[in-house]
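Values below: all heavy atoms of this structure, side chains included; hydrogens, waters and symmetry mates excluded. Numbers restart at 1 for each chain; the letters A, B, ... are given by sequence-line order, proteins then strands.
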Amino acid sequence: MSDLTPEHVRALAAAIGLTIGDDDLEDVTFRLNATLQHLRALDMLEPPPGPTMLSSGV
Amino acid sequence: MDERDLPWLGVDVLADLLRRGETSSEEIVRACLARIDRLNPTLAAFITVDADGALRAARRADRDRASRRARGPLHGIPFAAKDALWAKGLPATNGSRLFADFVPSEDATVIARLRAAGAVLLGKLNMMELGFGPTLRPPFGTPRNPWNIERTPGGSSSGSASAVAAGLVPITLGGDTGGSIRLPAALCGVVGLKPTRGRVSRHGLMGICPELDCAGPLAASVTDVARALRVIAGHDRRDPGTSRSGVVDYVRTTARGLHGARLGVVTEFMESAVLDAEVRRLVTDAVATLAKAGARVSEVSVPLIAHAPTIYIGIAEPEAATLFRQRLITRAEDLDVLPRRRLFTASLLPASLVASARRLGERLRTEVDSALRDVDVLVGPTTPTEAPPLPVAARIGSANEAWIAAVAGRSLFTNPFNVTGHPAMSVPCGFTPQALPVGLQIVGRYNGEADVLRVGAAYQAATDWHRRHPRLE
């Protein structure tokens with residue numbers, strides 16, 4: 001999956017009312033890409049949905 | 001006795017002196033205030049010193065004692081609290097300009113309970129901004145480590161640990177969401193306990209993730225931590241997350257010794273690539289000391305614990321972003337640069353990945369429960385390194401560097417137990433060649449604080465690390 005660009009990050013932030021200044025933008029972009037990459041990797045550790053999860057769904 | 005020695009004495013000795021009329025609460029408070037006057041300009045451990053309020057409370061405690069109305073071993077003993085905890089009529093800045101003018105109209109439950117037990121609040125303690133990681137330009141002074149003032153005391157409960165280490169006050173309260181009590185306790189060479197989730201009320205604690213936030217005590221000795229926990233633990237109707245299970249006489253459990261105790265050394269911690277060799281050696285020595293004192297030691301594995309920092313970030317940081325969202329929109333420039341950037345980042349994480357982290361957090365809890373089936377406590381290092389130099393601005397040039405900055409803090413070994421909710425305590429277990437303290441982490445079953453305290457007390461009975469003091473004057 002390709003990394004988000006600073007422009008993407010600025011747009012995502014604007015969508016929820018946040019204004020990320022120029023001084024912070026590059027740093028936040030690096031941090032966000034790194035965090036997303038590691039959180040996505042957690043998916044590989046999750047077992048497939050089982051009976052408990054299905055029966056507890058709404 | 002020299003009045004200047006009073007702040008160094010533990011609760012047992014102070015309570016005994018008070019009982020025998022050889023000192024007064026007012027004398028103890030004055031000795032602490034004098035020491036704060038001398039050392040706080042260097043250490044920046046306190047944000048607010050309530051000298052008048054403390055002296056009034058001390059005189060009241062002395063009058064109560066004179067009329068045989070002493071309320072237990074903490075009666076007349078001074079304490080101080082992290083500035084994230086509410087104390088009626090005193091500022092609660094949460095270490096941030098955002099809350100510089102906030103003055104709560106009531107006490108946090110933990111402060112109210114210590115006061116009800118007769119303890120005397122000296123003031124409020126410095127911390128990392130919002131409890132959210134290193135602060136480059138702390139608005140209320142740069143907290144410094146009493147063992148080396150060019151090193152960080154850790155955090156976020158920075159002042160809670162450094163004040164005890166420097167002998168400014170015998171007991172403090174901190175808050176711990178990912179290690180914020182245990183990390184500074186380890187780096188400053190004092191004892192710090194994060195209780196079981198729900199064991200201690202969070203009412204009046206300005207945390208960052210209510211699910212993981214805990215309030216807990218710090219002191220030089222495990223016994224004093226046990227005394228404070230005995231008072232602050234228990235159900236609180238103002239915190240529906242608190243447990244109704246009974247509060248144990250934790251002080252009594254500290255005298256039980258180690259015979260028959262079973263310890264599990266966490267393999268993933270001891271084999272961690274980021275664990276400094278000297279810290280590993282000191283922790284290994286500590287485990288050997290515990291074995292010699294009667295504990296049975298085995299190795300245990302918690303495979304998912306290697307992923308705990310990512311799980312923690314997935315759970316805690318979006319919660320913090322939600323909590324401070326309005327202030328991030330309207331007053332972002334009033335935040336220090338690192339908390340601001342972390343909050344911006346956390347604000348943009350998708351809910352689907354956060355949910356995945358939560359499910360894995362539940363699995364991690366099951367793994368830790370399983371590891372604790374055959375042992376009474378888990379043990380390992382509290383931090384991977386000794387106290388590092390004070391934080392400085394550093395440009396991040398890649399996603400990899402950003403990740404290292406995000407997780408390679410010293411919370412790698414502590415945040416797993418915020419995710420799972422198990423009680424965990426740091427006990428000083430030696431000094432590096434740079435004369436900086438190192439902590440041994442002891443983790444118990446849910447509501448198993450008695451086991452944690454028992455092992456910690458037995459370790460302190462066999463060692464003298466906790467009796468060493470930094471040279472500050």
Side-chain angles (χ1 to χ4, degrees), chain A, chain B residues 303-304 306-315 317-318 321-322 324-330 332-333 335 337-364 367 393-407:
Chain A
M1 191 172 286
S2 59
D3 280 352
L4 299 171
T5 64
E7 290 69 33
H8 291 141
V9 171
R10 200 191 290 277
L12 279 171
I16 56 169
L18 295 176
T19 305
I20 301 181
D22 291 342
D23 286 353
D24 291 337
L25 188 60
E26 183 186 51
D27 184 286
V28 173
T29 302
F30 283 135
R31 285 174 191 269
L32 184 59
N33 281 319
T35 308
L36 288 171
Q37 180 193 329
H38 284 82
L39 283 172
R40 282 195 296 261
L42 290 183
D43 283 344
M44 308 301 290
L45 302 170
E46 282 217 83
T52 307
M53 293 179 73
L54 290 173
S55 64
S56 64
V58 287
Chain B
L304 202 51
H307 300 279
T310 309
I311 295 170
Y312 171 79
I313 285 175
I315 296 172
E317 305 227 344
T322 305
F324 299 113
R325 180 176 146 68
Q326 283 306 319
R327 290 182 172 87
L328 200 56
I329 291 172
T330 59
E333 71 283 359
L335 280 161
V337 59
L338 294 182
R340 183 176 71 234
R341 289 173 177 177
R342 282 179 66 187
L343 286 170
F344 275 139
T345 305
S347 301
L348 303 177
L349 295 175
S352 57
L353 294 179
V354 171
S356 174
R358 285 187 181 281
R359 284 192 295 275
L360 283 166
E362 285 300 311
R363 269 182 62 197
L364 178 61
E367 280 195 6
R395 182 180 172 275
I396 285 175
S398 69
N400 189 46
E401 285 176 21
W403 186 246
I404 290 168
V407 303

Exercise for review: Looking only at non-hydrogen atoms, find the nearest pair between A:L39 and B:G314 and report the distance.
Suggested key: CD2-CA, 3.7 Å

Point to revise | Residue part contacting chain A, namely of B:L304, when any heavy atom lies under 4.5 Å | key: side chain

Practice item. Identify the two heavy atoms, one from A:L18 and one from B:S347, that lie closest to each other, and give their separation to 0.1 Å. Key: CD1-CB, 3.5 Å

Exercise for review: State, to 0.1 Å, how close A:I20 and B:F344 come at their nearest heavy-atom pair, and which atoms those are.
Suggested key: CG1-CD2, 3.8 Å

Practice item. Considering non-hydrogen atoms only, spot the tightest contact between A:A34 and B:A399 and give its length. Key: CB-O, 3.1 Å

Exercise for review: Select one option (side chain, backbone, both, neither) describing which atoms of A:D24 are under 4.5 Å from chain B's heavy atoms.
Suggested key: both

Review point. Tell me, side chain or backbone of B:A357 under 4.5 Å from chain A's heavy atoms, or both, or neither?
Key: both

Revision key, fill the gap. Output for pair (B:L353 CG, A:R40 CZ), nearest 0.5 Å, gives 7.0 Å

Point to revise | Least distance between heavy atoms, B:L349 atom then A:T35 atom | key: CD2-CG2, 3.7 Å

Review point. Any donor and acceptor pair, going by atom type alone, linking the side chain of B:R363 with main-chain N or O of A:L45 inside 3.5 Å?
Key: yes

Study note, to complete from the structure: Only residue of B:R342, B:R395, B:R341 satisfying salt bridge (Lys or Arg N to Asp or Glu O under 4.0 Å) with A:D27 is B:R341

Check your understanding: Which of these passes side chain to side chain contact (heavy atoms under 4.5 Å, CB included) with B:L348: A:V9, A:T29, A:L36?
Key -> A:V9

Study note, to complete from the structure: On a heavy-atom basis, the closest approach of B:G397 and A:F30 is O-CZ, 3.2 Å

Exercise for review: Examine distances only and state if a side-chain atom of B:R325 and a backbone atom of A:I16 form a donor-acceptor pair shorter than 3.5 Å.
Suggested key: yes

Check your understanding: Using non-hydrogen atoms only, which part of B:L338 is less than 4.5 Å away from chain A: side chain, backbone, both, or neither?
Key -> side chain

